[in-house]
Protein chains: 2
Amino acid sequence: MSKRLESDLDTSFMDGLIGYNLRRAYLVIARDFAQSLAGVDLGPVQFTILTLIDANPGCTQNIIAKAISIKRTNFVALLDGLEAQGLAERRPSPTDRRSHALYLTHAGQTMLADLKPRIIAHEQKFAAIMSSAEADLLRDLLVRLRRVGADSADETEI
Amino acid sequence: MSKRLESDLDTSFMDGLIGYNLRRAYLVIARDFAQSLAGVDLGPVQFTILTLIDANPGCTQNIIAKAISIKRTNFVALLDGLEAQGLAERRPSPTDRRSHALYLTHAGQTMLADLKPRIIAHEQKFAAIMSSAEADLLRDLLVRLRRVGADSADETEI
DNA sequence: TATTGTTATACTCTATAACTATA
DNA sequence: TATAGTTATAGAGTATAACAATA
């Protein structure tokens, strides 16, 4: 197998680009993440929303949407999906009648407790190929990278 | 502005995940990359294809598709777009009548020469926030990360 | 039988514009 | 006037299944 490797190709220009390498690594991890969620009707973003509601009960849609850099407008359907599955719910906000206070249902908490170990196992598969010092630096560099775009970002806070 | 920061949110679980930080950084760079290509009818993947055909004239669709981890099936429309704009062309392969030999047209070479400086400027905006040693380590870590998924990848070579 | 390219199709994520109800 | 949520819609990017031509 692999009679002809893609290493025959000259990819030198792309290989030097941070963005290109970032995309390649992201795609690999995103696929593995999705496999970790196999059998569950949740996308990666929905899992993230689940964890954030769990850690911040009563928070609003906007707060979460900004925190994870997705548009308010795209948040609606994602939350609709969680609500339809009985995992989360919108309650009227006690302080602002425009906004909703978000909570996990009991089923949502159970689901999250079931999924977290899967995600941690998925993560460890990747963390295993670097030292903890390298992992720390990697996270730090990724955070710094995403702050570069902070000015050009319109409504989605970085 | 920014009367209430998302840092009020407890995002500790997600912050610890490599995949999450990778996604956030990737999205920021991908948006900036797209802006660098503003006014040109090319997506990021099409730009990548353009550079690879330029560096590897006569190569086949499959070789490039594998090199950048996209499906053969999705490559077709991307290349169609390049051909429709007169930037690239499919010629019959001299050795295998199933495959096509890919080449840039003169217009394609001119376009690429125009775009490369834009992409390099885009890259430098991000490279500027780290030392060259950090950038080298980052690229190395990203390559190592994407190789973790090498076994579970079916047809798209990592 | 396996591989290259192809069509058709669907799903996820992201994006913009315009609306409503509140503030 | 601005903000929170919503609807509708569009576009990338990615995914699978099935096919024709060639190896």
Side-chain angles (χ1 to χ4, degrees), chain A residues 1-4 23-24 26-35 37-38 41-49 59-66 68-81 83 90-102 149 152-157, chain B residues 1-4 23-24 26-35 37-38 40-49 59-66 68-81 83 90-102 152-157:
Chain A
M1 53 200 63
S2 152
K3 59 183 78 152
R4 177 184 174 84
R23 170 183 172 272
R24 300 282 310 267
Y26 165 71
L27 289 179
V28 168
I29 294 192
R31 283 177 191 135
D32 194 80
F33 189 102
Q35 286 180 2
L37 260 46
D41 191 17
L42 292 177
V45 183
Q46 285 178 311
F47 171 81
T48 303
I49 294 173
C59 63
T60 68
Q61 298 182 192
N62 227 345
I63 297 268
I64 292 188
K66 282 183 178 173
I68 58 178
S69 289
I70 69 167
K71 307 266 175 202
R72 291 196 321 272
T73 188
N74 292 324
F75 190 91
V76 178
L78 294 167
L79 183 57
D80 286 348
E83 234 179 358
R90 288 179 246 230
R91 298 185 200 161
S93 164
T95 61
D96 186 337
R97 278 161 48 201
R98 291 173 302 182
S99 57
H100 299 143
L102 305 181
S152 56
D154 34 20
E155 80 173 304
T156 61
E157 297 209 6
Chain B
M1 54 199 59
S2 155
K3 60 183 74 154
R4 177 184 173 86
R23 169 183 172 272
R24 300 282 310 267
Y26 165 71
L27 289 179
V28 168
I29 295 192
R31 283 177 191 134
D32 195 80
F33 189 102
Q35 286 180 2
L37 260 45
V40 179
D41 192 17
L42 292 177
V45 183
Q46 285 178 311
F47 171 81
T48 303
I49 294 173
C59 64
T60 68
Q61 299 182 191
N62 226 347
I63 298 268
I64 291 188
K66 282 183 179 174
I68 57 178
S69 291
I70 69 167
K71 306 268 175 200
R72 291 195 321 273
T73 188
N74 292 324
F75 190 91
V76 178
L78 294 168
L79 183 57
D80 286 349
E83 232 178 1
R90 289 179 245 232
R91 299 185 200 160
S93 163
T95 60
D96 187 336
R97 278 160 50 199
R98 291 174 301 181
S99 56
H100 299 143
L102 304 181
S152 57
D154 35 19
E155 82 173 303
T156 62
E157 296 208 6

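Chain identifiers are assigned alphabetically (A, B, ...) following the order of the sequence lines, protein sequences preceding nucleic acid strands; residue numbering begins at 1 within each chain. Just so you know, these numbers come straight off a predicted model, no measurement behind them.
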If you check the [X] side chain, which of [options] turns out closest?
{"X": "A:H100", "options": "D:dG5, D:dG13, C:dG5", "answer": "D:dG5"}
{"X": "A:I70", "options": "C:dT6, C:dT4, C:dT14", "answer": "C:dT14"}
{"X": "B:R31", "options": "C:dT6, D:dT6, C:dT14", "answer": "C:dT14"}
{"X": "B:S99", "options": "C:dT6, C:dT4, D:dG13", "answer": "C:dT4"}

#### Entry: Least distance between heavy atoms, A:C59 atom then A:I64 atom
SG-CD1, 3.4 Å

### Task
For A:G43 and A:L37, work out which heavy atoms get closest and say how close.
O-CD2, 4.0 Å

In whole Å, what is the span from the [atom1] atom of [X] to the [atom2] atom of [N]?
{"X": "A:D80", "N": "C:dT12", "atom1": "CG", "atom2": "C1'", "result": "16 Å"}
{"X": "A:Q35", "N": "D:dT16", "atom1": "CD", "atom2": "P", "result": "10 Å"}
{"X": "A:K71", "N": "D:dA4", "atom1": "NZ", "atom2": "C1'", "result": "15 Å"}
{"X": "B:L37", "N": "D:dG11", "atom1": "CG", "atom2": "P", "result": "18 Å"}
{"X": "B:L79", "N": "C:dT6", "atom1": "CG", "atom2": "P", "result": "7 Å"}
{"X": "B:N74", "N": "D:dA12", "atom1": "CG", "atom2": "P", "result": "14 Å"}
{"X": "B:L27", "N": "C:dC13", "atom1": "CG", "atom2": "P", "result": "11 Å"}
{"X": "A:Q61", "N": "D:dT7", "atom1": "CD", "atom2": "P", "result": "10 Å"}

### Message
Less than 4.5 Å apart, side chain to side chain, heavy atoms only: is that true for A:L78 and A:I49?
### Response
yes

### Task
Please tell me if the side chains of B:R90 and B:Q61 come closer than 4.5 Å, counting only heavy atoms from C-beta onward.
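SC-SC contact between B:R90 and B:Q61 confirmed.
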
### Query
Is there a side chain to side chain contact (heavy atoms under 4.5 Å, CB included) between B:L27 and A:Y26 once you walk through the steps?
CA-CA 10 Å; B:L27 289 179; A:Y26 165 71; 5.6 Å; no

### Message
Heavy-atom nearest nucleotide on DNA chain D for A:F75 versus A:R23: which residue maps closer to 5'?
### Response
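Final value for this comparison: A:F75.
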
### Query
Considering residues, nucleotides and ligands other than A:D41, do more than 12 of their heavy atoms fall under 6.0 Å from its CG?
no

### Query
What do the steps show when you test A:V45 against A:I70 for side chain to side chain contact (heavy atoms under 4.5 Å, CB included), and what is the final call?
CA-CA 9 Å; A:V45 183; A:I70 69 167; 4.2 Å; yes

### Query
Would a distance-only check, ignoring hydrogens and angles, find a side-chain to backbone donor-acceptor pair under 3.5 Å from B:Q46 to B:L79?
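Side chain of B:Q46 to backbone of B:L79: no pair is present.
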
### Query
Just by modelled atom types, is the B:A65 backbone N or O under 3.5 Å from a matching donor or acceptor in the B:S69 side chain?
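Not confirmed, B:S69 side chain does not pair with B:A65 backbone.
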
### Query
Under 4.0 Å between a side-chain N or O of A:R90 and OP1 or OP2 of D:dT6?
yes

Show the distances under 3.5 angstrom between N or O atoms of the protein and N or O atoms of nucleotides 17-19 of chain D.
{"from": "D:dA17", "atom 1": "N6", "to": "B:T73", "atom 2": "OG1", "distance (Å)": "3.4"}

Anything under 3.5 Å between a protein N or O and an N or O of nucleotides 20-23 of chain D, put it in a table, one pair a line.
{"from": "D:dA23", "atom 1": "OP1", "to": "B:R97", "atom 2": "N", "distance (Å)": "2.9"}

#### Entry: Plane angle bin for B:F33 and B:F47 - parallel if under 30°, tilted between 30 and 60°, otherwise perpendicular
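Aromatic pair B:F47/B:F33 classed perpendicular.
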
### Query
With sugar-phosphate meaning primed atoms plus P, OP1 and OP2, does A:T60 contact a base, only sugar-phosphate, or nothing at under 4.0 Å between heavy atoms?
sugar-phosphate

